[in-house]
Amino acid sequence: MKIPADRRRLSLVFAGNAVPRSLLFCPLRSQEVQFPMNLLSLIRQRFAPALQELVADAAPLLEMIRPAQDARFGDFQANFAMPLAKQLGQAPRDVARQVVERLNLTDLCEPPEIAGPGFINLRLRTDFLATQIQRIAGDDRLGYQPVAIPRHVVVDFSSPNVAKPMHVGHLRSTVIGDAICRTLRFVGHRVTSDNHIGDWGTQFGMIIYGYRHFRDQAAWQLSPVNELARLYKLVNQLSDYHATVAKLPALQQALTDAQSRLERLKNDPAASDKLAKQITTAGKEVTAANADLAAATASVQRIQQTPELLALANAHPDIARRARDETARLHAGDPENNALWNQFLPACLEALNQIYRRLGITFDLTLGESYYNPMLADVVSSLKARQLATLSEGATCVFLEGNAAPFIVQKTDGAYTYATTDLATIQYRQQALKADEVLYVVDKRQSEHFQQLFATTALWGIQGLKLQHVSFGTVMGTDNKPYKTRAGDTVGLESLLDEAINRARRIVDENDDRREVPLLSPEERARIAEIVGLGGIKYADLHHSRDSDYVFDWDKMLATTGDTATYMQYAYARVCGIFRKLQIDRLSFSTQNVAVQLQTPEERRLALQLLMFGYAIESVLNDYRPHLLTAWLFDTADAFSQFFDKCSVQNAESDELRNSRLILCDLMARAIRTGLSLLGIEVSDIL
RNA sequence: GCGCCCGUAGCUCAGUUGGAUAGAGCAACCGCCUUCUAAGCGGUAGGUCAGUGGUUCGAAUCCACUCGGGCGCACCA
């Protein structure tokens, strides 16, 4: 397949770099012994030789060394003695003892303890922790070394449709995808973020049709994007109206059928568990059929009760087909439709970019579906040549084992589908972009599509490219239904961001007004409200495990208490407050060589937590789960809050202790700033 | 009908792929500001991990079935 040298379609290339440069290459000051900045890997390395003496493959056993799940068990625990004992035919505690005797850990840990059935509990030496903190003092990367072998990862996320308003689902993809990009870059991989926007599909036919028939010229001149959005909604509404009217008898029939089925079952004299279950099922079917009919009737009535809409609907009875025709003509190269496309697209993209700018998100590439249009015919003929694609009911399909439905690459009318585009995109990403890996940050409801896509890709002969669907769950409202406005519309993103910032502003005002002497100017308040509001939205999304559905709840998101972005931002601001109060410059202080002492449990816990940063990062990238980073951030801020409570800096018993605590404070601030930056969340020196 | 996912404290969610007495946040109750930001800290209470059976040293996690819920299944993307 040929990749067109010229980009026939408009594509935007951003040079944006998500993580501040300063965070990327910050060499450590001391270059002596380099421990990997992942304490767990270090411990595992020390266990490896001891285990290799007892067993051929130590790797799975090393996996069983974990952070302790309870502080009483120390800092780390090894759980391998029990399975290993079985393998060796010995008692677990004996096996544990043998391993412990072979260990050389004295520079890192207190003597290991064997507990319960054979757990090995490890407690790091406090002087070791102190040395490590001293070593990474002042480092924004907390000592994290870039990977030795970088991969090139293409991250496909956000991917809105132009002209259709973006909604919370796009927000979720955008926020998760951006966090993944930033984290991958941080550890040293090469990342290409690609916004695979829907700029070539059915909705464009609708806009073109709307533009030709329903355009309000004044509105168009005032704001093309708003007018296009209105036109899309209108055409969609009218198409739906006709489709729904046509569907009403069938829905009515379905209800009647379900009802009579239920009656028949209820009158069945034979009583059995199976029958009872069938009655339950039939009852649910009646309820569902009722709901379907009611929804359809309501949507029809909405049109019929609005004379202007009804008149339009009646004047355009075959609007759906004619809109599809416009799409087909666009794809066929019709000059007028292509001219309109070229006219519409920049405004649509600009509207999207406006939102990305507010969110602080950039893309390396914005290659929409249209970009791949010239490659689609070759994809299909290549699939046919390999006899993967066959004609069925007029459509060109790839039939895959285990899938009832085929993977359609060309429709009966000759049009290509997003399956075709996705295949072309994969080929392009491997051949032109030289990607090693592609991530798709897309709603989990599309998992079957990706399963088919990846299966087809493999059959097609593309090798050496790792493909992963990074799926996420639906965003629900507090009513546990997909998040919508009361009228049933999707919630526009722009208004969502406004709402978040407005709410945050109220909190910022309230807080500052409570002070004896307010600290903040209106401009500062506005800036902080933005940081807190956007941080709240992003954090709410990211701190849920990505594949669970989550409930979008303003009050929780911007709560002034608990596990929110604000908690971390607040902890950061408190560190800045300490340095302000003592009139010490944080940046210059942190480069001084200060002896770190960890005398209290709070200081020790904070230090250990900071040193677990590398482990947290690697857990995130293991399966692209940003919520593991939010958990680490919360634990870190929590450790700091306890430290702040118990360990006064300005009233420290000695200058040495004060300086040691200042080092911890500074490092903690860097940890929070870096960690939040990987999630696309900012901090402020004052809150 | 076929397939995928889920069910953990009153609510919202974690639970590092089979480890020790199942954890957070919110809400509730009790306590802590003349000292670095109380957007904070400490404490109390709250659980049949939907249910039953199985696998084994050991199960919220794996298997089977049952109950309850969600989603997807031929030309929208």
Side-chain angles (χ1 to χ4, degrees), chain A residues 40 63-64 66-70 72-73 77 79 82-83 85-86 92 115-119 121 159 161 164 198 200-203 273 277 280 324 369 392-397 402-413 415 417-419 421-422 443-449 451 471 473-474 478 480 507-508 510-511 514-515 519 532 543-545 547-551 553 555-556 559-564 566-567 569-571 573-582 615-616 619 622-623 625 627-628 630-631 634-635 638 641-642 644-651 661 665 686-687:
Chain A
L40 186 57
E63 288 288 303
M64 300 179 77
R66 310 258 170 80
Q69 65 169 44
D70 191 307
R72 282 169 317 187
F73 303 143
Q77 63 181 63
N79 301 335
M82 288 76 82
K86 174 166 282 186
F119 296 104
N121 291 338
S159 310
N161 285 306
K164 279 193 206 174
W200 198 238
T202 315
Q203 91 276 20
D273 285 355
K277 194 182 168 184
T280 313
R324 274 200 304 276
E369 292 172 334
S392 167
E393 295 177 30
T396 308
C397 304
N403 287 90
F407 199 49
I408 297 178
V409 293
Q410 192 169 19
K411 299 190 285 185
T412 307
D413 64 3
T417 69
Y418 76 137
T421 313
D422 282 352
D443 193 314
K444 70 177 173 189
R445 283 172 294 193
Q446 298 205 34
S447 58
E448 268 161 302
H449 166 73
Q451 182 260 321
S471 60
T474 312
T478 35
N480 272 326
I507 295 166
V508 171
E510 209 176 287
N511 187 57
R514 251 200 323 261
R515 293 197 243 252
L519 291 173
V532 168
H543 99 278
H544 290 87
S545 160
D547 36 24
S548 62
D549 295 342
Y550 97 92
V551 174
D553 185 337
D555 295 332
K556 292 208 166 97
T560 56
T561 57
D563 186 2
T564 59
T566 313
Y567 184 73
Q569 290 166 328
Y570 180 65
R574 293 219 280 189
V575 170
C576 296
I578 292 173
F579 281 88
R580 261 198 310 276
K581 184 72 179 277
L582 299 180
Y615 176 71
S619 310
N622 192 33
D623 196 27
R625 299 195 172 274
H627 84 276
L628 297 174
T630 65
F634 180 70
D635 286 343
D638 191 43
S641 295
Q642 289 174 24
F644 183 87
D645 216 47
K646 290 273 166 53
C647 307
S648 175
V649 176
Q650 70 175 1
N651 296 331
R661 287 180 176 170
C665 285
I686 304 179
L687 231 53

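Below, read A as the first sequence line, B as the second, and so on, with proteins coming before strands; counting in each chain starts at 1. Source: prediction; values computed, not measured.
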What integer number of Å spans the P atoms of B/rU61 and B/rU48? 16 Å
Picking from B/rU37, B/rG72, B/rG19, which would you name as closest to the side chain of A/M82? B/rG19
Rounded distance in Å between the C1' positions of B/rG70 and B/rG10: 23 Å
Distance, P atom - from B/rG47 to B/rA64, rounded to whole angstrom: 31 Å
Mind checking the P distance from B/rG18 to B/rC63? Whole angstroms is fine. 10 Å
Pairs counted as Watson-Crick or G-U wobble with both distances under 3.5 Å: what dot-bracket string results for RNA chain B, using | for bases tied to another strand? (((((((..((((.....[...)))).(((((.......))))).....(((((..]....))))))))))))....
Indicate, yes or no, whether a donor-acceptor pair under 3.5 Å links the base of B/rA74 to the side chain of A/S392. yes
Side-chain heavy-atom pair A/F579, A/V575 within 4.5 angstrom cut-off: yes
According to a strict under-4.0 Å criterion, is A/T561 in side-chain N/O contact with OP1 or OP2 of B/rC26? yes
Quick check: closest heavy atoms across A/H627 and A/H543, and the distance to 0.1 Å? CB-O, 3.6 Å
Same-atom distance (P) from B/rC67 to B/rU55, integer angstrom: 24 Å
Exercise: identify the closest heavy-atom pair between A/D547 and A/R625: OD2-NH2, 3.4 Å
Base, sugar-phosphate alone, or nothing: which one does A/Q451 contact when heavy atoms must sit under 4.0 Å apart? nothing
How would you label the contact of A/V649 with the nucleic acid (heavy atoms, under 4.0 Å): base, sugar-phosphate, or nothing? base
For the side chain of A/S641, counting heavy atoms from C-beta on, which of B/rC13, B/rC41, B/rA74 is nearest? B/rC41
Side chain of A/K581 (C-beta onward), nearest among B/rA74, B/rU35, B/rC76: B/rU35
Interatomic distance where CG belongs to A/N651 and C1' belongs to B/rC33 [whole Å]: 15 Å
Side chain A/N403, main chain A/A405, donor-acceptor under 3.5 Å: no
Using a cut-off of less than 4.0 Å, is there contact between a side-chain N or O of A/R514 and OP1 or OP2 of B/rU37? no
Base, sugar-phosphate, or nothing: which does A/R661 touch, judged by heavy atoms less than 4.0 Å apart? nothing
Separation between the C1' atoms of B/rG72 and B/rG53, rounded to whole Å: 31 Å
Between A/C665 and A/I578 the two heavy atoms that sit nearest each other are SG-CD1, 4.0 Å
With a 4.0 Å cut-off on heavy atoms, is A/H543 in touch with a base, just the backbone sugar-phosphate, or nothing at all? nothing
A/Y567 and A/S641 side chains, donor-acceptor separation under 3.5 Å: yes
Please give, in whole Å, the distance from B/rC57 P to A/F119 CZ? 15 Å
With rounding to the closest Å, how many angstrom separate the P atoms on B/rG68 and B/rU56? 32 Å
Nucleotide-resolved protein contact map, nucleotides 2-11 of chain B, B/S/- at heavy-atom distance under 4.0 Å: ---------S
Distance check needed: B/rU21 C1' versus A/Q77 CD, whole Å only. 13 Å
Let me spell it out: for each of A/D638 and A/E393, pick the nucleotide of RNA chain B with the closest heavy atom. Which residue's pick is nearer the 5' end? A/D638
I'd like to know if A/D553 reaches the base of B/rU12 with its side chain, counting only an N/O donor and acceptor under 3.5 Å. no
Given the structure, check if the side chain of A/N511 and the base of B/rA39 hold any donor-acceptor pair shorter than 3.5 Å. yes
Treating A/T417 as the side-chain partner and A/I408 as the backbone partner, does any N or O pair qualify as donor plus acceptor under 3.5 Å? yes
Check the chi torsion on B/rC4 and let me know: syn if it falls within 90° of 0, anti if not. anti
Taking atom P of B/rG40 as reference, at what distance in whole Å does atom CZ of A/R574 sit? 8 Å
Need one value for A/D422: base, sugar-phosphate or nothing, where a base atom within 4.0 Å counts as base even if backbone is also close, heavy atoms only. nothing
Reckon A/H627 has a side-chain N or O less than 4.0 Å from the OP1 or OP2 of B/rG15? yes
Separation of B/rA24 P from A/Q642 CD (nearest whole Å): 11 Å
Closer than 3.5 angstrom, by distance alone: can the side chain of A/Q203 be matched with the main-chain N or O of A/G198 as a donor-acceptor pair? yes
Can you tell me how far C1' in B/rU17 sits from the matching atom in B/rC71, rounded to whole Å? 24 Å
Nearest heavy atom decides the nucleotide; on that basis, is A/R580 or A/A415 closer to the 5' end of RNA chain B? A/R580
Base, sugar-phosphate, or nothing: which does A/L519 touch, judged by heavy atoms less than 4.0 Å apart? nothing
Taking O4'-C1'-N9-C4 for purines and O4'-C1'-N1-C2 for pyrimidines, is B/rU17 syn (within 90° of 0) or anti? syn
Could a donor-acceptor pair under 3.5 angstrom be found where the side chain of A/Y550 meets the base of B/rU12? no
Please classify the nucleic acid contact of A/T412 as base, sugar-phosphate, or nothing, using heavy-atom distances under 4.0 Å. base
